[in-house]
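Everything below concerns the one structure shown next.
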Amino acid sequence: MKFEKKRSESKQEIPTSSMPDIIFMLLLFFMVATTLREQEIFVNFVLPEAKAVQKIENKRLVSYIWIGDNERIQIDDNIVELKQIQKIMYDKRVTLPSVIVSLRADKNSRMGLVTDIQQSLRKADARRINYSARALF
Amino acid sequence: MVNLKRKKRAGGEFSAGSMADITFLLLLFFLVTTNIDVDTGIGLVLPEYVPEEERIDTPISKERLVAILVNANGDVLLNKEVIAIPQISENLKEKIRSKINLPKNKKLICSIKVDRETNYNLFMKTLDQVEIAYTEVREEYAMGTYGRKVNDLTDEEYKDVREKVFKVVSFAEPEEIK
């Protein structure tokens, strides 16, 4: 008896013609999801860790204050003095009333400095604050 | 004779074969530049600034107040009792639970006071403990009353949970050094 291999008639290829469409879709997703890193950070910091952290829902409202390991403070693209913070944050609060200040402080900072910044924020009436921390599970 | 007839051009097509490669390249670029990591942190609203002359001290009854003091060495004093940082949440939870059914003006006030030389990390750990205590009690209350997690509650139910387990965290007014 003769065995004959059955060959299916259909082609054994993956259709690649829709590949560009799929990739376009992915591309669009990443383009929308991307926020280009517009700020360069001049200070060194390691964030503290915490368990009960929340996400910041609205990234557009966030304004950052960095505190580096040698007590340097950065707002936007500048290293600033403690005395200037109140004015800068007041201006920000005027342009964007619901601004959230995200404090990205090094975990070895002194609380004295953090308290001083808090006081400036209170005086500038920019009172929504977020102590940035890495999520710990 | 000169042939005036125009040559027929090849059909107006462009090769779409390299399209996938180009988009791949773009895709790679956005993949590399995207930072998906979201900002996480502990959110609070600072109290309004009142100049010293206008400050009015309102007396608060002892049982409403939980004073947490953290000194420069990381020692914690909770209502004059020395405890370790990880014990704060357990301690607080009991106090929060006992005040669920009280009116709003009798809820717990959690006051955190730190030394100027205290490490920021210690402060964050303390604040984290307070947050944990409140979130866990809220979770318990939501489970007990509505049988669901806080995240699955409707807006009104969530509001009720927030009212019942009302969070007041206060930072002690820093003392001026003269």
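Chain A is the first sequence line, chain B the second, and so forth, proteins listed ahead of strands; every chain is numbered from 1.
Residues A/D116 and B/R116 are in side-chain contact: their nearest non-hydrogen atoms beyond the backbone lie under 4.5 Å apart.
Distance check, rounded to the nearest 0.5 Å: OH of B/Y120 to CZ of A/F45 gives 10.5 Å. Rounding to the nearest 0.5 Å places CG of B/L122 at 10.0 Å from CE of A/M111. A distance of 11.0 Å separates CE of B/M124 from OG of A/S109, quoted to the nearest 0.5 Å. Rounding to the nearest 0.5 Å gives a distance of 11.0 Å between CG of B/L28 and CG of A/L26. Atom CE in A/M19 sits 8.5 Å away from atom CG in B/D21 (nearest 0.5 Å). Interatomic distance, B/I22 CD1 to A/I23 CD1, rounded to the nearest 0.5 Å: 11.5 Å.
Across B/L27, B/V114, B/N121, B/I42, the residue that shares the most heavy-atom pairs under 4.5 angstrom with chain A is B/I42. No other option in B/A72, B/P47, B/G43 has as many heavy-atom pairs under 4.5 Å with chain A as B/P47. Each of B/E117, B/K125, B/E48 has some count of heavy-atom pairs under 4.5 Å with chain A, and the biggest count is that of B/E48.
Panel note: side chain B/T40, backbone A/A133; a donor-acceptor pair is recorded below 3.5 Å. A donor-acceptor pair under 3.5 Å is absent between the side-chain atoms of A/R128 and the main chain of B/V45, judged by distance alone.
Residues of residues 136-153 of chain B placed with any heavy atom under 4.5 Å of a heavy atom in chain A are absent; none qualify.
The two residues A/A52 and B/T135 have their closest heavy-atom pair at CB-OG1, 4.3 Å. Closest approach of B/L46 and A/L121 over heavy atoms only: CD1-CB, 4.1 Å.
With a 4.5 angstrom heavy-atom cutoff, A/D21 does not touch chain B via any of its atoms. Of the atoms belonging to B/L127, it is side-chain heavy atoms, and not backbone ones, that fall under 4.5 Å from chain A. Using a 4.5 Å cut-off between heavy atoms, B/D115 touches chain A through its backbone atoms (N, CA, C, O) alone.
The neighbour count for A/N70 CG, taken as heavy atoms of other residues, nucleotides or ligands under 6.0 Å away, is above 12. Few gaps surround CZ on B/R97; more than 12 heavy atoms of other groups in view lie less than 6.0 Å from it.
Classification of the B/F123-A/Y131 ring pair by plane angle, with boundaries at 30° and 60°, yields perpendicular.
In the hydrophobic clustering of this structure, B/V168 groups with B/L65; members are Ile, Leu, Val, Met, Phe, Trp, Tyr whose side-chain heavy atoms approach within less than 4.5 Å, directly or through other members.
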